[in-house]
Amino acid sequence: MSILEYNGAAMIAMAGKNCVGIASDRRLGMQAQTVSCNFQKVFPMGDKLHVGLAGLASDVQTVHQLLEYRLNLYELNEEREMSPQVFSTLLSNVLYSKRFSPYFIEPIVAGLDKDNKPFLSGSDLIGATVIADDFVVAGTCTGNLHGMCETLYKPDMGPDQLFETLAQSLLAATDRDALSGWGGIVHIITAEGIVTRELKGRMD
Amino acid sequence: MARRYDSSTTTFSPEGRLHQVEYAIEAINNAGTCVGILAKDGIVMASERRITSGLLAPAKTSEKTYKLCSHAACNVAGLTADANILIDQARIYAGKNHYVYQDPVPVEELVEHVCNYKQAYTQYGGLRPFGVAFLFAGYDKHHGFQLYQSDPSGNYSGWKATVIGANNQAGKSLLKTEYKEKAPSVQEALMLAVRVLNKTMDGTAASVEKMELFKMTVDDKGKCQHHILTATEAKDVIDSVVAESASAGDS
């Protein structure tokens with residue numbers, strides 16, 4: 001058993017035309033047993049920035065709280081909002097600082113920079129970051145997620161079409177994974193604001 | 001006589017005084033005035049802006065008012081370099097506390113932490129004390145809006161209204177007569193703060209460039225709002241104070 005598969009997760013972040021979306025499942029399990037169907041794995045870090053954390057639930061919560069602490073300190077000292085690129089680098093730095101006793105998480109970052117251009121990045125548990133212009137995935141069914149996204153993704157989708165693509169990719173991928181699913185949540189971030197929708201899917 | 005006992009912070013004089021600490025307090029009495037007033041729906045802090053040179057680049061947002069966390073801010077009187085160290089300390093402490101407890105740090109705890117740090121420089125290490133006095137303004141669910149004053153000795157106390165910096169005695173005496181038993185509204189407190197600054201800055205006419213007005217309130221969602229008044233808003237307050245005193249003079 002891998003520690004990264006103990007609790008189960010599935011998440012996707014995808015870029016559209018002047019918008020980004022980030023979606024995750026809601027399951028919290030302890031191996032085979034499902035404990036919660038509304039566990040939060042995607043966290044708002046600013047008006048136009050979200051971070052999704054897949055992996056060991058304890059580290060998901062701890063890393064989120066740590067990132068919030070670091071972000072708040074940055075904004076107090078710099079007197080400005082942290083851009084998604086800088087946030088992604090901060091996250092990488094935090095993870096690498098624990099290179100030899102890592103946080104067991106796979107994070108993805110989705111946001112709009114100050115010109116409302118989409119920003120996506122994903123990294124591994126020790127902070128190796130990859131910046132993408134289409135989509136990033138994380139969780140216990142990344143094979144399924146990659147397959148679904150590669151098939152359904154088109155560049156320059158509008159917010160509504162982006163939502164449909166994210167929702168269908170997530171639901172189809174998690175349906176073939178025992179450890180993820182039990183509901184879904186999708187956030188679409190545009191210059192105007194954030195729209196959040198909950199997905200009704202198979203609860204198994 | 002004092003000279004034998006005043007070069008080391010860690011030595012008491014025969015009269016039981018710490019001269020280095022007292023000299024640090026003297027340094028602050030030459031700094032720009034800050035006044036803090038507790039209102040019933042918020043806190044007001046006003047400070048004197050000392051413009052030493054026209055060539056100076058304008059500060060980011062302020063060189064007197066600093067945000068410490070989402071629910072606390074402070075005003076500085078004294079050596080800005082010393083203040084920066086303490087403000088960093090306060091920000092880190094508030095952030096770490098929130099990280100550990102997932103709850104906003106109680107304001108008094110934050111103040112006490114900064115003051116304990118200051119106190120250490122009056123007892124250990126042979127280092128000089130910090131030449132800074134603070135006015136802390138904060139809001140928490142335990143005690144609502146709170147105003148604290150601290151000095152280089154590491155001592156602090158809670159106030160309904162107080163003044164630090166140059167001419168603080170004149171400011172305090174004005175507050176003693178004008179601060180009513182019933183706490184003022186934020187708007188009334190702003191006007192009272194301007195009147196206090198007028199008195200401490202006696203001679204110079206009140207103007208937007210020379211004063212900085214800050215208010216802390218809570219919105220209807222319970223979230224703390226920090227606001228340094230814009231030039232227009234500050235001008236409105238100053239104008240209404242001037243108008244009030246002009247009409248008072250007539251009657």
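Numbers restart at 1 for each chain; the letters A, B, ... are given by sequence-line order, proteins then strands. Both backbone and side-chain heavy atoms feed into the values below; hydrogens, waters and symmetry mates do not.
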Worksheet item: Got a sec: does the CZ of A:R176 have more than 12 other heavy atoms crowding it under 6.0 Å?
Response: no

Item to complete: Side chain from CB out, backbone as N, CA, C, O: work out which of these in A:E79 comes under 4.5 Å of a heavy atom of chain B, or both, or neither.
Response: side chain

Practice prompt. Inspect the surroundings of CD in B:E63 and state if more than 12 heavy atoms from other residues, nucleotides or ligands are less than 6.0 Å away.
Written response: no

Discussion item. On a heavy-atom basis, which atom in A:L73 and which in B:R91 lie closest, and how many Å separate them?
Written reply: CD1-O, 3.6 Å

Discussion item. Does A:K98, at its NZ atom, have more than 12 non-hydrogen atoms belonging to other residues, nucleotides or ligands within less than 6.0 Å?
Written reply: yes

Practice prompt. Inspect the surroundings of CE in A:M203 and state if more than 12 heavy atoms from other residues, nucleotides or ligands are less than 6.0 Å away.
Written response: yes

Fill in: Side chains of A:E68 and B:H98 in contact at under 4.5 Å (non-hydrogen atoms)
yes

Discussion item. Could you tell me if the side chain of A:Y69 sits less than 4.5 Å from the side chain of B:N97, heavy atoms only?
Written reply: no

Worksheet item: Taking everything shown except B:R49 itself, do over 12 heavy atoms lie less than 6.0 Å from its CZ?
Response: yes

Worksheet item: Quick one: CD1 on B:I92 to CG on A:N77, what's the gap to the nearest 0.5 Å?
Response: 8.0 Å

Fill in: Crowding at NZ, A:K17 (>12 non-hydrogen neighbours, <6.0 Å)
no

Practice prompt. Give the member of B:G95, B:S70, B:A94, B:C69 that has the highest number of heavy-atom pairs under 4.5 Å with chain A.
Written response: B:G95

Worksheet item: How about residues 115-148 of chain A versus chain B: which residues have heavy atoms under 4.5 Å apart?
Response: none

Worksheet item: For B:I87, is it the side chain, the backbone, both, or neither that has a heavy atom closer than 4.5 Å to a heavy atom of chain A?
Response: neither

Response to the item:
Residues pairing under ring pair (Phe, Tyr, Trp, His ring centres under 6.0 Å) where one sits in residues 52-90 of chain B, two or more places apart or in two chains, turn out to be none

Practice prompt. Evaluate whether atom NE2 of B:H143 has more than 12 neighbouring non-hydrogen atoms of other residues, nucleotides or ligands under 6.0 angstrom away.
Written response: no

Worksheet item: Of the non-hydrogen atoms in B:Y99 and A:T62, which two are nearest, and what is the gap between them?
Response: OH-CG2, 3.4 Å

